[in-house]
Amino acid sequence: MRKWIEKLPIVLFIVLLAACWEVGTMVFDIPPYIIPRLSDVFAAIGDNAALLGKHFVITLWEALLGLTFSILCGMLSAIWIDSSSLARKTIYPLIVASQTIPIIALSPIMVMWFGYEMGSKVAVVILFTFFPVAVNTADGFRTADREIGELLRSMGAGRTQLFLKWKIPSALPSFFTGLKMAAAISVGGATLGEWLGGEAGLGVFTKRAANMLRGDDVFAGVLLLSLMGVALFVAAQFIERLMLGHRRNG
Amino acid sequence: MSGQQVTVEERHAGLSIKGLTYRFDGEEPLFEGLDLDIPQGQFVSIVAASGMGKTTLFRLLAGLLQPNAGTIRVAGAGQGHGQGSRSGIGYMPQRDCLMPWRTVLDNAAIGLELAGVSKRDARSRVLELLPELGLAGTETKYPHELSGGMRQRVSFLRSLLGGGELLLLDEPFSALDAMTRVSMQQWLLQVWEKHRKTILFITHDIDEALLLSDRVLIAATRPITKLEPLEVELPRPRTYETTLDERFVALKRQLLSQLGRITSTLEGGNS
């Protein structure tokens, strides 16, 4: 109950914004291809529910596949970076520096390599989500409390035991930071992949609607994409709380 | 007091160091040809100026560092197997170093767990000991839910269960406030008098060293080639009241003068 009361201000604020949108578009007589009325957006969602649902699932699937791959590869890279001092000196700085490369500029390459099918979209999602997972997890390993490691070593822990009982639990909070970032941007990656060339997904849907100046449909698609991003973020946060909820402040 | 009363059996060395030499690369040696014997079941403190390498000594004893020369023998411990770690030693670092992702129960049980004891057996052994360490009812708590003193108790329990007969305590109470420290000293006296493990204790606090120990060792030279002993022949069991005893004050005076002499030699040597 108390939790709900704490969330009341933000809920009310959103309702207020929605009301401003609805009333504002009417009062200022904004054309629907600039900003459609909110009620029209909802109506568009209702009218195209089946179609939107189909596109939604495709985009969601691309985002989830890309995320899964990034989690696996990101963790493996982080483990590699942590266990080999050569990798730490060569691969790690490269991964950090590569974050300054405009990923959007690289995305067309994915289409060139993986074609117009699902593969290229998943590849773009991986391009977006691999780095936050890999870098954050590697940082988590790196900043694990050394004294705890030494203590375990003094009690006879070997490499595997150190990894399982010290490194992994130490790195989990950073890993989840990376995962939440990745979850939030994965939908953006999938949408971009669809824009660059695709036949299905909410990215394709919104692009087509925009070409036809169907403002209500564009906003319907954007709204659903936003919801998907939020949902993935919240899901990641939920898993984080399940696993780390008891720790608090380290 | 152990001086007169120990039996022959207890005279076995709990810790025996012969000819220990260690230097960090490119630096002056910290220890050179150091010999040290501690009888089993004794409580021995090391008092020295900071920067003398006390913590390095502990890391050598715990097997985290390898000596350049010399041998370290611990009663009932395997000699440097695996990657240099030495089982049979319970190392209690200055910070409690509890793992925030483990409960009190699982933090204390980690040593047994690493030694291959089943999780259930490890937990039941911890649960048995919690009440006498003043930790009853904390088993499901996480470290952040405990006070500094309680965390040190858990840390001590972990080293008690993790090692064999020798415990290395590295300034365990230095970060606690004065009141808590006094109560922790009394607590340690009680626990130790019951378990009688060999304890090597590092401290800056002279009162603490005298109150707890059978013998205080003073690092006399740099590099440390020998440790000057001071026998603390005060009756046990001791409590904080002991610090008000005339004999205690006399010992303290003696210790201070020994320390003062050493400090002046060191300064003389440096200038």
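Not measured: the values here are computed from a predicted model. Every chain is numbered from 1, with letters handed out A, B, ... down the list of sequences.
The two residues A/Met228 and A/Thr59 have their closest heavy-atom pair at CE-CB, 3.9 Å.
Evaluation of the salt bridge (charged side-chain N to carboxylate O under 4.0 Å, His left out) rule for B/Glu139 yields no partner, not counting sequence neighbours.
Evaluation of the side chain to side chain donor-acceptor pair (under 3.5 Å) test over residues 79-95 of chain A, restricted to residues two or more places apart or in two chains, returns A/Asp82-A/Lys167, A/Tyr92-A/Asp139.
Both the backbone and the side chain of A/Glu150 have a heavy atom closer than 4.5 Å to some heavy atom of chain B. Contacts between A/Leu172 and chain B at a heavy-atom distance below 4.5 Å are absent for every atom of the residue. Both the backbone and the side chain of B/Tyr91 come within less than 4.5 Å of a heavy atom of chain A. With a threshold of 4.5 angstrom between heavy atoms, B/Leu98 approaches chain A through N, CA, C or O but not through any side-chain atom.
Residues A/Phe128 and A/Phe130 place their aromatic rings such that the two centres sit no closer than 6.0 Å.
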